[in-house]
Amino acid sequence: MMRVFLIRICAFVSIPSHNIKIRPTTFLQYYFFSSSTFPEYLEPHFSSSESITFTQVFPEMNNINKSPVFVRNFEHLVRQDVALVGGKNSSLGEMIGALTAKGISVPPGFATTSNTYWHYVDANNIREKMTKLIGEWQSAKTSLADTGKEVRNLFLRGDWPDDAAAAIKTAYQELSAKAGTKNLGVAVRSSATAEDLPDASFAGQQETFLNISGEDALLNACRRCYASLFTDRAISYRQTKHFDHMKVALSIGVQQMVRSDLSGSGVMFSLDTESGFDRVVLINAAWGLGENIVQGTVNPDEYQVYKPLLVNPEYVPIIEKKRGEKEVKMIYGDEHMPTRNVPTSKHERASFVLNDSEILQLATWACTIEQHYGCPMDIEWAKDGVSGDLFIVQARPETVQARREAGVFKTYKLGKKGRVLTTGLSVGEAAVTGRLCLLETAKDIDKFIDGSILVTETTDPDWVPIMKRAAAIITDHGGRTSHAAIVSRELGVPAVVGTGNATYLLHTGRDVTVSCAEGDEGFVYDGIADITTKELDVTGLPPTRTKIMLNLANPASAYRWWRLPADGIGLARMEFVVSNHIQVHPMALVRFDHLKDEKAKQEIARLTKGYADKPEYFVDKLARGLACLCAAVYPKPAIIRLSDFKTNEYANLVGGEEFEPKEENPMLGFRGASRYYSPRYKEGFALECRAIKRLREEMGFTNAIVMVPFCRTVGEAAKVLRVMSENGLTRGENGLQVYVMCEIPSNVILAAEFTKHFDGFSIGSNDLTQLTLGVDRDSGELADLFDEQDKAVKWMISTVITEARKAGRKIGLCGQAPSNHPEFAAFLVDCGINSVSVSPDSFLEVKKHVIASEKAEINGTG
């Protein structure tokens, strides 16, 4: 009879004679074995509740761990082996062992162990000397620079113990043999044994050496890795994090090089690095080896992929594609200089590093890795230019957003502010004021004044002591995954990176305002602006019958509010995306070849660079901009209002003047629904429809609801729906719902008729008040008369709510009234409105009023 027993494994072993292979681990693991595989002398030890150690089974293995282990192949490592080989290397082993079967490719390699490090230290008799030098620095007897230099020299002048050197050479020879070459090019990376813990990223603290070839070069690179454990920045970082310098060892990862010098590489996070939005993968990419992205010496491409829709192979949920300048790339050098930077070609600068299928593959891998580790991940990837294959070369837990307090928001609003001096990518969500301090190199550290705003070309770990003392940081180069961005995020210091011109335009002593509170674009304003802060705590809010939704327009700032318990987006303004992200009049793209304005043609050519088809530029940009908004609330509804520019606003778009009539009163002129079927704009509206169709059917955001603005008559409603259908958007097909803005008295008077054409209403209280009372909402002279709580306006609102509910149609309000006057929400609840849509900073106040109103209604006191 076959019997199965529980065996506690305590060793790293492979026993061919018993056909048993045990995956190595430093923790206790349990495995089941058939009794028929064990020697007979063990039978008396077994009972149904007994567990025995491996060495009871195989006593000859009792001495297995008495000899120091200098080298461990990646495939024999798991993530619990941090004490043995550090976070970087243990994670590589974990992925090879657990995720290769799931399709993730990791280049092979091996790691030296912490034993090897201490063996090197003791073989060269430098332990006591290190302790003494560090102690003298901590006692302020010596400077950090002198201490670091002396400790590094102890390592650099040391000799490799014969047994450790032999183990490294043998592992390298075996790795080369597997690759079918004699002296394989490898990456030599440092991995501190306290690295990648939840409260320490050690970002760039130790050195990495690329394209190392040959045994002697490898041993020298390993020696330099050891020395880099005591760079000034590494010593300072450990001191700040309260790590004992003499208890942190260094493991070295030796990994087969991916020929990304012939293609590209980059970094990705399984969340949005600024907001912590956990439903996107953020990917940065540049040409050549990946060090330039990490160091922030290039402005990379940036892609965002929406994770929940990746599971459906019919969708392509790439919601952001930004082309970076990518001015230089790192390639292979020679034996004296293994790598070097060269300028990229014009074609490379104008091209994306990754195509859509590669972006989706990397995003899928990021999701798989995150799921396996159970936490957001920071991942490095590379593409081999010979084979075309993608590889994961590093993965570690993300260390900033993981520590963020959930449910508490701090918002920043800028009052009077000066002109924009420069812009870049925003890091963080704060806004600060201060005086600039421009530094060219970290050697000028003594010139930095605490609390100043640091301006420099780029940062590396040598800058950390200054960065910790800065109020904000501005750099010429770098993306969201550059050193400047990573460290600023960890320090909680706002930064504007990748401006391209900060060191050229800004100078020491100038007072500025740095704002990272306006979305993913960071601004540097001239002078000291008024900044007001507000803290929102939305923990513990009960659900309400009346849905509380958000008014959002800027895709760049949508993720900031993902933690708000909102019921969706009640108003997404398409025209914001058009004016800020597209900038070109759609008809100027349709009729580009016939434009008379040569200056406009040049600007359009610049903006649409990379798009062979000019209208495709509009469709692509609009679809992705709207996707960011839909993603922030998916699968909750996002109501997208079709373009509602007035003619004077359309004329301000690039190339717009040729297509817009001059009107005395644009507010009541050629706007909204009347444009969509007009020969003047019908082709432009077709582009809007194409973008929404792509958003819903190709990208997968079926939560998008279309809303028609300023629809004056029932006949006009029928015309618009017909034109939409001609462009692939048919109400009811693929679950498409179409709403109408209720902002004209006719929408109220004929509400019952409008319900036959639309699935819902959204009350625009601003225009409805204006047209009900006959008051120009922008008139200073009539400001006292413009009142959304006037009895006539309230009658309009209550009447249309009643008619909508009679017909079983949804109805909400998306005007400013509840945001400006939260008590107005009580009136809307009493009327039975389905939803109220407010600005994010008004959400908490309006939510509380709705809770109180619904409670009073239940208690009969309302």
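Predicted model only: the values in this text are computed from it and were never measured.
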Taking the six-membered ring of Phe352 (Phe, Tyr or Trp), confirm whether the NZ or CZ of Arg323 is under 6.0 Å from its centre and within 45° of its axis.
-> yes
Donor-acceptor pair, [X] side chain versus [Y] backbone, under 3.5 Å?
| X | Y | value |
| --- | --- | --- |
| Ser482 | Gly479 | yes |
| Arg435 | Gly451 | no |
| Ser515 | Phe523 | no |

Note: [X]-[Y] ion pair, threshold 4.0 Å (strictly below):
| X | Y | value |
| --- | --- | --- |
| Lys416 | Asp530 | no |
| Arg560 | Glu274 | no |
| Glu518 | Lys417 | yes |
| Asp526 | Arg510 | yes |

Which donor-acceptor pairs under 3.5 Å do side chains of residues 494-501 form with protein atoms, sequence neighbours excluded?
{"residue": "Thr499", "atom": "OG1", "partner": "Thr475", "partner atom": "O", "Å": "3.0"}
{"residue": "Thr499", "atom": "OG1", "partner": "Asn501", "partner atom": "N", "Å": "3.4"}
{"residue": "Thr499", "atom": "OG1", "partner": "Ala502", "partner atom": "N", "Å": "3.1"}
{"residue": "Asn501", "atom": "OD1", "partner": "Thr422", "partner atom": "OG1", "Å": "2.6"}

Can you list every side-chain hydrogen bond (donor to acceptor under 3.5 Å, both in side chains) pair that touches residues 443-455, not counting sequence neighbours?
-> Asp450-Arg469
Steps toward side-chain contact (heavy atoms from CB on, under 4.5 Å) verdict (Ser351, Lys326) = CA-CA 10 Å; Ser351 303; Lys326 308 181 293 290; over 6 Å; no
Residues Thr459, His483; criterion side-chain hydrogen bond (donor to acceptor under 3.5 Å, both in side chains); working and verdict | CA-CA 6 Å; Thr459 70; His483 177 270; 3.0 Å; yes
Nearest 0.5 Å please: distance from the OG atom of Ser765 over to the CD atom of Glu743.
-> 10.0 Å
